[in-house]
Amino acid sequence: MAAERREDTIGKGLKDYYRDYFPVGVAVGGRSVFGPDTALIIKEFNSVTPENAMKMGPIHPQENRYNWKEADAIVDFATTHGMRIRGHNLCWHEQTPAWLFVDSVGDTVSKAILLKRLREHITAVVSRYKGRIYAWDAVNEAVADENSDDTTRVLRNSPWYRICGDEFVARAFEFAHAADPEAQLFYNDYNTERPEKRERVYRLLRKLVAAGVPITGVGIQAHWSIYEPSATDLRASIDRFSSLGLKVQITELDISIYPWEKNRRARRPGDSDDYTPELQQRQTEQYKNVFGIFRDYKGIINGVTFWNITDKHTWLDNYPVPGRKNYPLLFDTAGQRKKAYWEVVHF
Ligand code: GLA
C-alpha cells in the first residue's frame, strides 16, 4: 500500500494500473471537462463517455437542427488529451426530442418515416465523429425489464417498438456501421446480471448475431449496489454473452449504497443517507470483487467506464429518492481516492 501511494506521487492513475487490461473511462459533461475535476479526469482515465451531450434529445432538438456544441467540446477535450471516446447513444426511448415520433399535426409517424429519421440521425452523428469515436452504444435499453408482464416479448413496449416492431434494433446497428465501418457497436442495458433479463438480452443478441448484424458487443451498464450482483450472476452474464463471440464492456459503473429501485419515490421517515463505515466497507468489498472478475475476463472485457467522477456529484443523488445523497464512486466528495480505490488498483 505504502509503495503504491509513493508511486502515485509520480502520477499513476486508474488507467495506468489497468494498462494491460482495458481502458478505464468516465462519463462527463461539457462543464466537468473544463471544471475543477479536469486534472483528475486526465490523471485517472483514458476514455470518456458524454453523459448526456450525444443523446438524441440534446444533440438533435429539432428535425432540421443539431446542437453539436457540448458534444464537440467533449470530443475535442478527449482528443487533445489522447483519450478514447465512447459515443452514447444512438437509439433509446428516453431523452428523445419532442418531434421524433410525431408528424407536424401531432399524429404518430409511420414505421417508414421513423426508420428514415433514425437513419438520418445516426448517419449525421456517427459521420461527424468518424475516426474519433471508437465505440458507440448503438441501441440503449431496448429489452423489457425482468418484471415485465409479458414474458414472451423480448423488447420493451416503447414507441420504437410500437411503431417499428423488432426491426429498429438491427437497423440502428446497420446505419451506424454504414456511417463508420471501423466503429465498435454495442447493445447497452442495465440489470443484465439478473437471470430473467440476462436471458432476454441474450435472446436479442443471439438473433442479431445470427442475422449478421454488425454488433461488436454488449454494454453491461453496471448501475450496481452493495447488494448485487453476486459474483456468480456477473460471471454467468459475461459467459453467456461472450459465448456468442461478442465483446463485453462495463459502461456505466457505480456501486450504490442503497438497494436498487427503478421508480421514483418520496423519502420515507427513517430513510438515512449516512455513509457509515460499515457501508463503506461493504462497498469496498464489492468494488474489489467486481474488478477481480473484470481482470479474469481480460480479452473479453475491452472497456470499463464509471458513471460520473466523484461522490460530490452523481446522478444517484436525488434519484430515485429526492433529497437522498449517494456515494457510489471511487473518489470522495473532495475528489480524494477512497479505500475502494486502493483495493481496485492493488492486485
Ligand atoms: C441510463 C442511461 C444513461 C443515464 C443513466 C442515468 O443508464 O444509459 O445515459 O441516463 O441511465 O443517468
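In this text the structure is predicted, and so the values were computed from the model without any measurement.
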* Asked: Which residue pairs pass the ring-ring contact (aromatic ring centres under 6.0 Å, His included) test when at least one of the two sits in residues 94-115, sequence neighbours left out?
  -> H60-W99, F101-W160
* Asked: Are E199 and R240 ion-paired here, with the side-chain N under 4.0 Å from a carboxylate O?
  -> yes
* Distance from E228 atom CD to D233 atom CG, nearest 0.5 Å? -> 8.5 Å
* To do: Apply the side chain to side chain donor-acceptor pair (under 3.5 Å) test between Q221 and each candidate in T192, D137, N140; give the one that qualifies.
  => N140
* Asked: Would R128 count as a cation-pi partner of Y66, with NZ or CZ less than 6.0 Å from the six-membered ring centre and within 45° of the ring normal?
  -> no
* **All pairs passing side-chain hydrogen bond (donor to acceptor under 3.5 Å, both in side chains) where residues 19-41 contributes a residue, at least two apart** => none
* Sub-4.5 Å side-chain heavy-atom contact between R235 and Y297 -> yes
* Structure fact -> side chain to side chain donor-acceptor pair (under 3.5 Å) test vs Y129 passes for just one of D180, D72, T79, namely D72
* Taking all atoms of both residues into account, what is the closest heavy-atom pair of I74 and V48, and its distance? -> CG2-CG2, 4.1 Å
* **Spacing of NZ belonging to K339 relative to OG1 belonging to T284, to within rounding of 0.5 Å** => 5.0 Å
* Charged N-O contact under 4.0 Å between E94 and K55 -> no
* Those residues that, when tested against F294, pass ring-ring contact (aromatic ring centres under 6.0 Å, His included) (two or more places apart) -> F291
* cation_pi(K247, F186) dist<6.0 Å, angle<=45 -> no
* Any ring-ring contact (aromatic ring centres under 6.0 Å, His included) involving residues 226-250? Give me the pairs, sequence neighbours left out, ordered by first then second residue. => none
* Asked: Can you name the nearest heavy-atom pair linking V126 to A176, along with the distance?
  -> CG1-O, 3.9 Å
* Asked: Measuring from N188:CG to H88:NE2, what's the distance to the nearest 0.5 Å?
  -> 6.5 Å
* Asked: Parallel, tilted or perpendicular: which fits the ring planes of F22 and Y18, with parallel below 30° and perpendicular above 60°?
  -> parallel
* How about E44 and V26: do any of their side-chain heavy atoms sit closer than 4.5 Å? -> no
* To do: Heavy atoms only: give me the nearest C164-L115 pair and the separation to one decimal.
  => SG-CD2, 3.9 Å
* Nearest 0.5 Å please: distance from the CD1 atom of I255 over to the NE2 atom of H223. => 12.0 Å
* Do you know which two heavy atoms are closest between T251 and G219, and how far apart they sit? -> CG2-CA, 3.7 Å
* Asked: Any side-chain donor paired with an acceptor under 3.5 Å for N89 and E141?
  -> no
* Side-chain heavy atoms of R267 within contact of D273, under 4.5 Å -> yes
Acceptor/donor pairs from residues 315-322 side chains to any protein atom, 3.5 angstrom cut, sequence neighbours excluded:
residue: W315; atom: NE1; partner: D254; partner atom: OD2; Å: 2.8
residue: D317; atom: OD1; partner: K325; partner atom: NZ; Å: 3.0
residue: D317; atom: OD1; partner: N326; partner atom: N; Å: 3.0
residue: D317; atom: OD2; partner: T314; partner atom: N; Å: 3.4
residue: D317; atom: OD2; partner: K325; partner atom: NZ; Å: 3.0
residue: N318; atom: OD1; partner: G323; partner atom: N; Å: 2.8
residue: Y319; atom: OH; partner: K262; partner atom: O; Å: 2.8

* Considering only NZ, NE, NH1 and NH2 on the basic side and carboxylate oxygens on the acidic side, decide whether E174 and R171 come within less than 4.0 Å. => yes
* To do: Write down the atom of Y187, the atom of A142, and the distance for their closest heavy-atom approach.
  => OH-N, 2.9 Å
* Which residues share a ring-ring contact (aromatic ring centres under 6.0 Å, His included) with Y275, sequence neighbours left out -> Y327
* **CG-NZ distance between D189 and K197, expressed to the nearest 0.5 angstrom** => 4.0 Å
* T49 OG1 to E252 CD distance, which is reported to the nearest 0.5 Å -> 8.0 Å
* Asked: Shortest non-hydrogen contact from L329 to D311?
  -> N-OD1, 2.8 Å
